[in-house]
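All heavy atoms count here, side chains included; hydrogens, waters and symmetry mates do not.
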Protein chains: 2
Amino acid sequence: MARPAPATHHELLTAAARRFAVTGYKGTSLQDIAREVGCSKATVLYHFASKDALLCELMAPAITMLEELDARIATHTGAQAQRVAADGFVDLAVRFRREIALLRGEFPDLLQQPAFAHIQEISEHLIAAFSGFSDRPEARVAALVVLAGIAETCGEFLDIPDDQLRTALRAVAYRALEVST
Amino acid sequence: MARPAPATHHELLTAAARRFAVTGYKGTSLQDIAREVGCSKATVLYHFASKDALLCELMAPAITMLEELDARIATHTGAQAQRVAADGFVDLAVRFRREIALLRGEFPDLLQQPAFAHIQEISEHLIAAFSGFSDRPEARVAALVVLAGIAETCGEFLDIPDDQLRTALRAVAYRALEVST
DNA sequence: GGTAGATCTGACCGATCGGTCAGACGCTGA
DNA sequence: TCAGCGTCTGACCGATCGGTCAGATCTACC
């Protein structure tokens, strides 16, 4: 035994991502993850302080990219912000297919986590930008349909190459949000 | 104690629907449901054979409507089928906001349930109709974005009246799917 | 070769899960 | 009045959950 620690650490992360995407966070036990890697449950808890900590480390890159997108949107206004938000979120969703699907699937519960506290807020910014900063209910409904639809779709279409999925998602988002081109 | 049974039965169903929508199926214990109604966990299992049976009874009306929609779509072709599918699914999603949200949220796991076995198949029919029976990946991506987006949105916009939500959803679906009018 | 520290594990813990069961309680008709 | 039935409950069950811990095993350095 006693492989180099970084290798095991990384294996555990990817195995957890795989399992979480299929059976959800609550539906995946530490035993499941350990079994997939071929180590004991105690090893999982040697590498990660807790199941929550494992989730946080797993989501960190996606959350960082989400925060960067949020900051980028804030530097634009009107239709330009709408386009930046749509393009940016499509890029993010395609890049982090599994993580986004997981986040969306168990949204209400996982948001309690302190590390995810401000995701709700960023989602509001995204919806505002998507809707073209309109208060009309129809615009806000359309924004949420696009946001949730993209997130969910990425998690399921694992057989389509990245750039093709990106192009298709951008097209449908532009139509749904009536982005001026 | 000893209230009339139908009242308790109905109370348990609505309480379960509420909890499932918030914390998910796996994330909600029979104890949670019992506490919300103010009875014991044993009472829940007196009214329902198992937690799964409770879920099935809860979803039954929505599934019936989904099957009816599936049958109705089959009697149309082309653009007409697309419109029937979009209108019908919007109606269904608005009527059964909570149930649809739950179904989408824990999709992969709950589909194992025998009672839900053919939902996967009906989903395929819906996506085919949404995409105008096209094989183009872009059309299928758009179809899934709309399907998932509508389902998710209904679960969250509980503060908008039914007909306003229905109108808004239909509009965004038509745009995203390029339904000919 | 021996020691220190990193890596890993089996055994165990309390809590909670879905589910079972014997029996208590209240209503109703004979 | 009392027997019967529908309704409900507390106590309990085995399984599994996330997490702890002492110690086995391996690696690197002196």
Side-chain angles (χ1 to χ4, degrees), chain A residues 1-59 102 105-106 108-110 112-116, chain B residues 1-20 22-59 102 105-106 108-116:
Chain A
M1 310 297 166
R3 292 169 287 186
T8 306
H9 194 89
H10 184 257
E11 267 187 61
L12 285 170
L13 268 183
T14 60
R18 233 178 353 252
R19 298 292 307 169
F20 286 163
V22 176
T23 46
Y25 177 69
K26 274 193 293 279
T28 302
S29 69
L30 297 177
Q31 195 71 257
D32 292 334
I33 300 168
R35 196 181 305 120
E36 186 145 331
V37 170
C39 68
S40 73
K41 187 182 70 171
T43 298
V44 180
L45 287 163
Y46 167 75
H47 283 275
F48 305 92
S50 67
K51 193 184 179 188
D52 284 352
L54 169 54
L55 175 68
C56 287
E57 187 167 329
L58 188 60
M59 300 298 292
L102 162 62
E106 311 201 30
D109 245 42
L110 296 184
Q112 310 294 41
Q113 207 80 12
F116 304 154
Chain B
M1 307 299 166
R3 292 169 286 183
T8 307
H9 193 89
H10 184 258
E11 267 186 62
L12 285 169
L13 269 182
T14 59
R18 233 179 353 254
R19 296 294 306 169
F20 285 163
V22 176
T23 47
Y25 178 68
K26 275 194 292 280
T28 303
S29 69
L30 296 179
Q31 194 71 256
D32 292 336
I33 300 169
R35 195 181 305 119
E36 186 143 332
V37 171
C39 67
S40 74
K41 186 182 69 169
T43 298
V44 181
L45 287 163
Y46 167 75
H47 283 274
F48 305 93
S50 68
K51 192 185 180 188
D52 284 353
L54 168 56
L55 176 67
C56 287
E57 187 167 329
L58 188 61
M59 301 297 290
L102 162 62
E106 310 200 31
D109 246 41
L110 296 185
L111 279 184
Q112 311 293 41
Q113 205 82 13
F116 304 154

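End-to-end axis angle for the helix from C:dG1-D:dC30 to C:dA30-D:dT1, using five pairs per end and rounding to 10°, comes out at 10°.
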Can you tabulate the close N/O pairs, meaning under 3.5 Å, that link protein atoms to atoms of nucleotides 21-23 of chain D?
none

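Remark: B:Lys41 is not positioned above the aromatic ring of B:Tyr46, lacking an NZ or CZ atom under 6.0 angstrom from the ring centre and at most 45 degrees off the axis.
The side chain to side chain contact (heavy atoms under 4.5 Å, CB included) test applied to B:Thr28 returns B:Arg19, B:Phe20, B:Thr23, B:Asp32, B:Ile33, not counting sequence neighbours. Residues satisfying the side chain to side chain contact (heavy atoms under 4.5 Å, CB included) test with B:Leu13, not counting sequence neighbours, are B:His9, B:Phe48, B:Leu54, B:Glu57, B:Leu58. In this structure B:Gln31 satisfies the side-chain hydrogen bond (donor to acceptor under 3.5 Å, both in side chains) test with no other residue, sequence neighbours excluded. When the side chain to side chain contact (heavy atoms under 4.5 Å, CB included) test is applied to A:Ala49, the partners found at least two apart in sequence or on another chain are A:Ala53.
Rounded to a whole Å, the CG atom of A:Leu12 is 13 Å from the P atom of C:dT7. When the P atom of C:dT7 is taken as reference, atom CZ of A:Phe48 falls 13 Å away, rounded to whole Å. One interatomic measurement links the two molecules: NE2 of A:His47 to P of C:dA6, which rounds to 13 Å at whole-angstrom precision. B:Ile33 places its CD1 atom 11 Å from the C1' atom of C:dG18, with the value rounded to the nearest Å.
Residue A:Tyr46 has a polar side-chain atom (N or O) positioned under 4.0 Å from OP1 or OP2 of C:dT7. In this model, the phosphate group of C:dC8 is not approached by any side-chain N or O of A:Thr43 to a distance below 4.0 Å at OP1 or OP2. Of the side-chain N and O atoms in B:His9, none sit less than 4.0 angstrom from OP1 or OP2 of D:dT7. Taking side-chain N and O atoms only, A:Thr8 has a distance below 4.0 Å to OP1 or OP2 of C:dC8.
At least one side-chain heavy atom of B:Leu12 sits less than 4.5 Å from a side-chain heavy atom of B:Cys39.
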Give the B/S/- string for nucleotides 12-17 of chain C, one per nucleotide from 5' to 3', where a protein heavy atom under 4.0 Å of the base yields B, of only the sugar-phosphate yields S, and otherwise -. -----S
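The distance from the NE2 atom of B:His47 to the NE2 atom of B:His10 is 13.0 Å, given to the nearest 0.5 Å.
Nearer the 5' end of DNA chain D, as judged by each residue's closest nucleotide, is the contact made by B:Val44, out of A:Ser50 and B:Val44.
Partner of B:Ser40 under the side chain to side chain contact (heavy atoms under 4.5 Å, CB included) criterion, chosen from B:Val37, B:Thr43, B:Val44: B:Thr43.
A donor-acceptor pair is defined here as one N or O able to donate and one able to accept, closer than 3.5 Å; no such pair exists between the side chain of B:Lys26 and the backbone of A:Tyr25.
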